[in-house]
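Just so it is clear: chains get the letters A, B, ... in the order the sequence lines come, proteins before strands, and each one is counted from 1.
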Protein chains: 4
Amino acid sequence: MKTMKKKIVLAYSGGLDTSVILKWLVEKGYEVIAYCADIGQQDDFEKIKAKALKTGASKVYVSDLKKEFVTDYIFPAIKANAIYEGRYMMGTSLARPLTAKKQIEIAKQEGAEYVSHGATGKGNDQVRFELSYYALNPSIKVFAPWKDPEFLSEFSGRTDMLNYAEKHGIDVVQSAEKPYSEDENLMHISHEAGILEDPSLPYKKDILKHCVHLDKTPDKEENIEVHFKDGIPVKVINKEDGTQHTESLALFMYLNKIGAKHGVGVVDMVENRFVGIKSRGIYETPGATILRAAHMDIEGVAMDREVMKIRDMLIPKFAEYVYNGFWFAPEMDFLLAAIDKSQEMIDGVVHLSLYKGNVIINSRESPSSLYDQDLSSMDIEGGFDQTDSKGFIKINAIRLKAHKAILNKFNKDYFD
Amino acid sequence: MKTMKKKIVLAYSGGLDTSVILKWLVEKGYEVIAYCADIGQQDDFEKIKAKALKTGASKVYVSDLKKEFVTDYIFPAIKANAIYEGRYMMGTSLARPLTAKKQIEIAKQEGAEYVSHGATGKGNDQVRFELSYYALNPSIKVFAPWKDPEFLSEFSGRTDMLNYAEKHGIDVVQSAEKPYSEDENLMHISHEAGILEDPSLPYKKDILKHCVHLDKTPDKEENIEVHFKDGIPVKVINKEDGTQHTESLALFMYLNKIGAKHGVGVVDMVENRFVGIKSRGIYETPGATILRAAHMDIEGVAMDREVMKIRDMLIPKFAEYVYNGFWFAPEMDFLLAAIDKSQEMIDGVVHLSLYKGNVIINSRESPSSLYDQDLSSMDIEGGFDQTDSKGFIKINAIRLKAHKAILNKFNKDYFD
Amino acid sequence: MKTMKKKIVLAYSGGLDTSVILKWLVEKGYEVIAYCADIGQQDDFEKIKAKALKTGASKVYVSDLKKEFVTDYIFPAIKANAIYEGRYMMGTSLARPLTAKKQIEIAKQEGAEYVSHGATGKGNDQVRFELSYYALNPSIKVFAPWKDPEFLSEFSGRTDMLNYAEKHGIDVVQSAEKPYSEDENLMHISHEAGILEDPSLPYKKDILKHCVHLDKTPDKEENIEVHFKDGIPVKVINKEDGTQHTESLALFMYLNKIGAKHGVGVVDMVENRFVGIKSRGIYETPGATILRAAHMDIEGVAMDREVMKIRDMLIPKFAEYVYNGFWFAPEMDFLLAAIDKSQEMIDGVVHLSLYKGNVIINSRESPSSLYDQDLSSMDIEGGFDQTDSKGFIKINAIRLKAHKAILNKFNKDYFD
Amino acid sequence: MKTMKKKIVLAYSGGLDTSVILKWLVEKGYEVIAYCADIGQQDDFEKIKAKALKTGASKVYVSDLKKEFVTDYIFPAIKANAIYEGRYMMGTSLARPLTAKKQIEIAKQEGAEYVSHGATGKGNDQVRFELSYYALNPSIKVFAPWKDPEFLSEFSGRTDMLNYAEKHGIDVVQSAEKPYSEDENLMHISHEAGILEDPSLPYKKDILKHCVHLDKTPDKEENIEVHFKDGIPVKVINKEDGTQHTESLALFMYLNKIGAKHGVGVVDMVENRFVGIKSRGIYETPGATILRAAHMDIEGVAMDREVMKIRDMLIPKFAEYVYNGFWFAPEMDFLLAAIDKSQEMIDGVVHLSLYKGNVIINSRESPSSLYDQDLSSMDIEGGFDQTDSKGFIKINAIRLKAHKAILNKFNKDYFD
């Protein structure tokens, strides 16, 4: 009687690594289902599909996740003004849980016990993939070749992989390999590793793929409007040519396009990985950078002060969860409940210009503005009486006076 | 027997408001000591001094606080990456406590029971002045004319003040009054109120006073180096022309100059005042904007991850204290102790370019880099073993698996 | 033509202060509607009603708010494990917004422009009342006699009030006035001011009104069960005698009774008022103290670790909002959204004993336990492999090793 | 030529596990240096020493760490009011880094490359030991038998260890083994695992080892004073018999004794381990429980309100670091800097009674009280003017009014 092969769903990109992994898994006796997540990277999915099958996959899934990526991952991050270590907008961090989620769904559908991915053992992505897998299906088995001793002993470097590919007839893209690695999706492209590892060396201009380098961007600013409803972008209008988008994916792609044209959203930074090491990355995130700036501005008029203050204290935590791979996690549920609450009535339109890498906020209007005409009528009801400030200050000063009296008593002073 | 006049130290700017206040106080029987804080505003202090005396001051102090402003107020804020509501660098908020501190010293020296200022009753500055006064001298008496019923009944608008000035021979600057108000110092200039109040109207380019508008800035980037020691800027080098500064005030003024030339640090925002209302401000903060970007970048290589994470959660709180006027306050002592600790060994140099409003980080080097050659030698001592990540992830997944099992048991799911 | 009198709704307790205020307001020409909130204080509401009418009220409302107090104020606080400055359970703070809410409703119903209360100008309650008034009806006018110069000039102390009462035929309760003030409701009774002001003097045993003093409590422990559903107490069983309650008000009153019998929930502390001064209070909070202990314990088994950690950081903030009177406030909405989310599946039963002031947790069971039989079956799916800990620790150590290497390089060490 | 044996320093308790490990390491060819940390557990160190030598240790160190434990670990935790998940005072968590620190010092002195400990792979202690090792000496090699495949394959349970012990002549203590495990030191004793694992079963009274069970404690309260200087306990006086202690170790041991006598500090809880699982523990922590209560009380009078609020938000984080083993870590340096600052002038005496498990705070006095006679003289300088509260409240209400106006406009309300 024939033994049932073990089924494994492999997150497959069509590149050298995952092609080698695919073949290797087949050789190890797995039935490999290749799964290719279309999250907006510029790829020829038909070619990838064909390559997977040729390399030994029993089946290939290509899942278009672009719209879901925008509405359920990117926009929630925008609502939170999420940013990691003050600068990174987490284009990769936000995509991984979605890719993993679909992969787990396919595994279920196919009755596969295993899932696999090609992320290395030193990076964040392995963590994001695997935590999402386990969080969505606690019984799932994960085969991570870059942490598998057998696989590691067979492939100690790129040369081993090229040799293996050649031996097994796997096409290797002829174009010269880039001397660093990239991760691309709808939200951003990241560049890291290889020649970029040394943080004391500036990156070469030509690595930019999405964004035009600032010395080639237009000399004229372009004016756009971004409209929000409950903290979510619902309309974008280009005031130069009247272009207008309301559908979330189209809107976001348009912002990417126009942001990239003006060189918006390029960041070069050293960041802290969850696995305890620092790494240097160059990121291009045009559309989301525009949205974050616009969102912060509309919050300026429509969000209550104390809500903003407490929310802002939580954003480093929110970003930490996302970055570290805890998207499907109870702590994320917890924070999102509060953030969603804070976004009710964050409505309005922000007028901004794009110019030479800048997102220039010009003005804003909001029907829920806490700073508008209707509120001026508050004046009628007593409104702002300047003499009230006297008591306000005196009461606020009381504990400071007491503290100073004690400092004096102990012959101390502030900042001793 | 002649009664002793009550002495009052008035923060005096030479403008219409404080000149009227000075005269009014004299008429009310105070001996007025005019005090003019030079915190870097572009003023003719000799003229101001003469005007004060002419208007009735018994004495005038002009105190040069520029250096102290840089070292004891601006640099500590840079060390904290302080920013209010995500965008405002608090140029005014940081200056007020220093101005108040010197004023209290003068009051002590002069044996004055009273201090006074010209800030209105609807703004933040009255709070910052007065909280600082009380925090430094709990017995001080504050006379704030814009919260005094008698003064308010006499002066209901600008016209009343102009009439009063004319009547009392107070020179009114002939140049057309700006239809909005400004506050200028070494760190920034702010523009607000008047025609700028409506947040739905863009400001006119010509209001910019420090920064060149982006359409007039140079077409060529300018490369500079910023060196840090313990989180403090200690040297700036312009790599184009070799200009170099190491003295803190000169260094900061140079960054202002070169930043302004490239239009760096202009912000238009609606913010939340401590007195509960929102206001719209336009800020120009060239030098500090460069420093903050550079400082965040050097922290990227030299600061521990967990320190950064917990510190970042505290920054909104730090900014709130500064903005609201609690500089001389025990809570500020508390936070500064931690921040100072975090800045030990935040050393190194950041290479950056200024171009069309952008502060472009190019590279960085640090002797205390947690990402350097010496640490690579960590590899020798075991270093990073990719298979360790397996256990790391599996342990991190345990509670997620447990949570999902419970979600399943209760027929629930994430984000329900 | 007759002028319409100004209507005012006065929060009326029947005591000396609010009776004097009532009469005084009538004399000033107001139509006074007396409003008495029954939030569980031990009062004879018929007598109070009669007294109000006799004193000049045009109408009296007695509103039974007990049930709403338990379900909408006390239980949400229990869900948050709310505690102010580590010790005060906020029995008064939680009651004030409810009292204010009903008062505003009555004002609306009666077409009254004004509301009034008898809280002094140095305390927290004035703030809680008035912030709630304004938050619920921005147009409401507040008349607070203890901050009104005319009223204050007329009544400089208790003697003035007694004289006024006598003159106007207001009954003064004959029993000797207590030399301190009390505030009583369903959740607690507080004792403060007067002879209790000096924090260096212990309070006398006989001030306790709800709780039996520990030297008189039973020598035998009493065993009870508290059942929770979604973080809310839904059943209490006394295992000694089988008493059982499931209705929220009855359940809470029963816990008060049995807790008081065992002297549970007495606190003597110095706390910080919102108005900047410290005050000393003695609190008796029997039922809620039992519930908080039980709730924390059931969370121990049923709440995720990271949710608990981030929630715990927010509790001081939650308590600050409640204590300071910001119940009807957007920041409370924000926090409650997260807290409510965190309480889904906080289900189970806690077995505890009451004995001599102690709430002794004995055991607990939960259907949503993250520590139960079903999860042990996680072992089958890989579960906990001790060797995983090796990688977990090594990865966690990486940044510590890097930090130490830098410390060494700089000849520094921890805690220098 | 003779090969140099590999030296290893083993944290040795004299119990079955570490004796087996010692012998096993010797058999594997290590030179084993036994190290026994005296952190206050009730042990016969001479016997342990002899046993180590007999079992094959080349050398034995017994280090008396008691005083250092009190001054450098317990007292800093008291200064922070540290508590894990609201209830656990971290007696074990605080001891581990100290034990590890001394072990690393011995390793250095002995030129040993390796350190070892007997903690299991499922617990927190392995993490605390090893993170401390690595943090103090990044080059150290750790041999953790309970995570070593070879060791694990040889010892799958207690029987294997007993057999091995018998075979190698290792004395096994004759007294019946407890059906759960204990960890004892100067600060506490913990009981967990084994029959205590089921959180739905109450523990048996007789497991208590330090604290008298409440039904056997004295029927009379005992009055003591605890004096603090800069947040540190500096004197304890028993007011019943005049006993007095000022030396830190003696003081702490006395509080343990007297607290234990009154049954103070027993906790039964389910907590979250760093390795992702929940565990149930019974803790007895008499002395530190008294100190924490007293310390919180003296802070009540002597600590500024805003410092307390921000500090309290950080305590869950502080406790998390300690519990998870990050004592020697930059984030701990960061927090301690702030906490130390907050403790300057936390001086005074707290009068309390111990009775039937309760620490009853009676009164307190402080030379740095922010609530004392000298401050009442603040009244002379203007002090508290009740009418100031009017402005204070009105200003605080402004944003609430604005928020409510917007809620109304959108037909929404609080808590929708």
Response to the item:
Under 4.5 Å to a heavy atom of chain A? For B/E197 that would be both

Discussion item. Please report whether the ring centroid of B/F143 lies less than 6.0 Å from that of B/F151.
Written reply: no

Worksheet item: Nearest 0.5 Å, what's the CG-CG distance between B/L136 and B/L131?
Response: 10.5 Å

Practice prompt. Determine yes or no for a side-chain-to-main-chain donor-acceptor pair under 3.5 angstrom, with A/R364 supplying the side chain and A/D297 the backbone.
Written response: no

Worksheet entry | Trace of the side chain to side chain contact (heavy atoms under 4.5 Å, CB included) decision for B/N223 with B/L352 | CA-CA 6 Å; B/N223 287 285; B/L352 53 86; over 6 Å; no

Discussion item. Looking at A/H262 and A/V264, would you say the former's side chain and the latter's main chain have a donor-acceptor pair under 3.5 Å?
Written reply: no

Worksheet entry | Trace of the salt bridge (Lys or Arg N to Asp or Glu O under 4.0 Å) decision for B/K278 with A/D304 | CA-CA 9 Å; B/K278 288 181 179 283; A/D304 172 75; over 6 Å; no

Practice prompt. Name the member of B/V275, B/V349, B/D215 that forms the most heavy-atom pairs with chain A at distances under 4.5 Å.
Written response: B/V275

Discussion item. The test is side-chain hydrogen bond (donor to acceptor under 3.5 Å, both in side chains); show your working for B/K101 and B/Y73 and say whether it passes.
Written reply: CA-CA 12 Å; B/K101 183 180 168 227; B/Y73 296 77; 4.6 Å; no

Item to complete: Determine, for A/Y323 and A/R273, whether the Lys NZ or Arg CZ falls below 6.0 Å from the six-membered ring centre while staying within 45 degrees of the axis.
Response: no

Fill in: Which portion of A/P202 sits near chain B, non-hydrogen atoms under 4.5 angstrom
both

Discussion item. Taking every non-hydrogen pair under 4.5 Å, which of B/V127, B/T387, B/V301 racks up the most with chain A?
Written reply: B/V301

Item to complete: Please look at A/A144 and chain B and tell me whether the side chain, the backbone, both or neither of the residue comes under 4.5 angstrom of a heavy atom of that chain.
Response: neither

Worksheet item: Which answer fits A/Y414, side chain, backbone, both or neither, if we ask what part of it has an atom under 4.5 Å from a heavy atom of chain B?
Response: both

Worksheet entry | Closest-packed option against chain A by number of heavy-atom pairs under 4.5 Å, given B/K220, B/K390, B/R399 | B/R399

Worksheet item: Given that the side chain runs from C-beta out, which part of A/Y133 has a heavy atom under 4.5 Å from chain B: side chain, backbone, both or neither?
Response: neither

Worksheet item: Closest approach of B/M332 and B/Y321, non-hydrogen atoms and distance?
Response: CE-CB, 3.6 Å

Item to complete: Nearest 0.5 Å please: distance from the CG atom of A/D125 over to the CZ atom of A/F129.
Response: 6.0 Å

Discussion item. To the nearest 0.5 Å, what is the distance between CD1 on B/I398 and NE2 on B/H403?
Written reply: 16.0 Å

Item to complete: Just do the salt bridge (Lys or Arg N to Asp or Glu O under 4.0 Å) check on B/E320 and B/K317 with the steps written out, would you?
Response: CA-CA 5 Å; B/E320 183 185 345; B/K317 208 72 199 157; 3.4 Å; yes

Worksheet item: Non-hydrogen atoms of chain B under 4.5 Å away: do they reach the side chain of A/L152, the backbone, both or neither?
Response: side chain

Item to complete: Could you tell me which portion of B/L201 (side chain, backbone, both or neither) has an atom closer than 4.5 angstrom to a non-hydrogen atom of chain A?
Response: backbone

Worksheet item: For chain B, which residues from residues 353-363 of chain A lie under 4.5 Å away (heavy-atom distances)?
Response: A/Y355, A/K356, A/G357, A/N358, A/I360, A/I361, A/N362, A/S363

Practice prompt. Check each atom of A/M296 against the heavy atoms of chain B and say whether the ones under 4.5 Å are side chain, backbone, both or neither.
Written response: both

Worksheet item: chain B: which of A/D416, A/N324, A/L400 shares the most heavy-atom pairs with it under 4.5 Å?
Response: A/L400

Worksheet entry | Toward chain A, the part of B/S279 with a non-hydrogen atom under 4.5 Å | backbone

Worksheet entry | Contact leader toward chain B among A/V350, A/N81, A/V270, where contacts are heavy-atom pairs under 4.5 Å | A/V270

Worksheet item: Between A/Q386 and B/T120, do the side chains contain an N or O donor and an N or O acceptor separated by less than 3.5 Å?
Response: no

Fill in: Residue part contacting chain B, namely of A/Y88, when any heavy atom lies under 4.5 Å
neither

Item to complete: Report yes or no: does A/S389 contribute a side-chain atom to a donor-acceptor pair with the main-chain N or O of B/G121 at less than 3.5 Å?
Response: yes

Worksheet item: Taking B/W146, B/Y134, B/Y203 one by one, which has the highest count of heavy-atom pairs under 4.5 Å against chain A?
Response: B/Y134

Discussion item. If we define contacts as heavy-atom pairs under 4.5 Å, which of B/M269, B/E365, B/E299, B/E85 has the most with chain A?
Written reply: B/E85

Discussion item. Let's test your reading of the structure: which of B/E130, B/H351, B/R87, B/R280 forms the most heavy-atom pairs below 4.5 Å with chain A?
Written reply: B/R87

Practice prompt. Look at A/N137, A/D219, A/D268 and state which one has the largest set of heavy-atom pairs under 4.5 Å with chain B.
Written response: A/D268

Worksheet entry | Plane angle bin for A/F318 and A/W327 - parallel if under 30°, tilted between 30 and 60°, otherwise perpendicular | perpendicular

Fill in: chain A contact via B/M308 - which portion, at a heavy-atom distance below 4.5 Å
side chain

Item to complete: Verify side chain to side chain contact (heavy atoms under 4.5 Å, CB included) between A/K309 and B/Y84, making sure each step is shown before the conclusion.
Response: CA-CA 9 Å; A/K309 291 202 180 347; B/Y84 184 69; 3.1 Å; yes

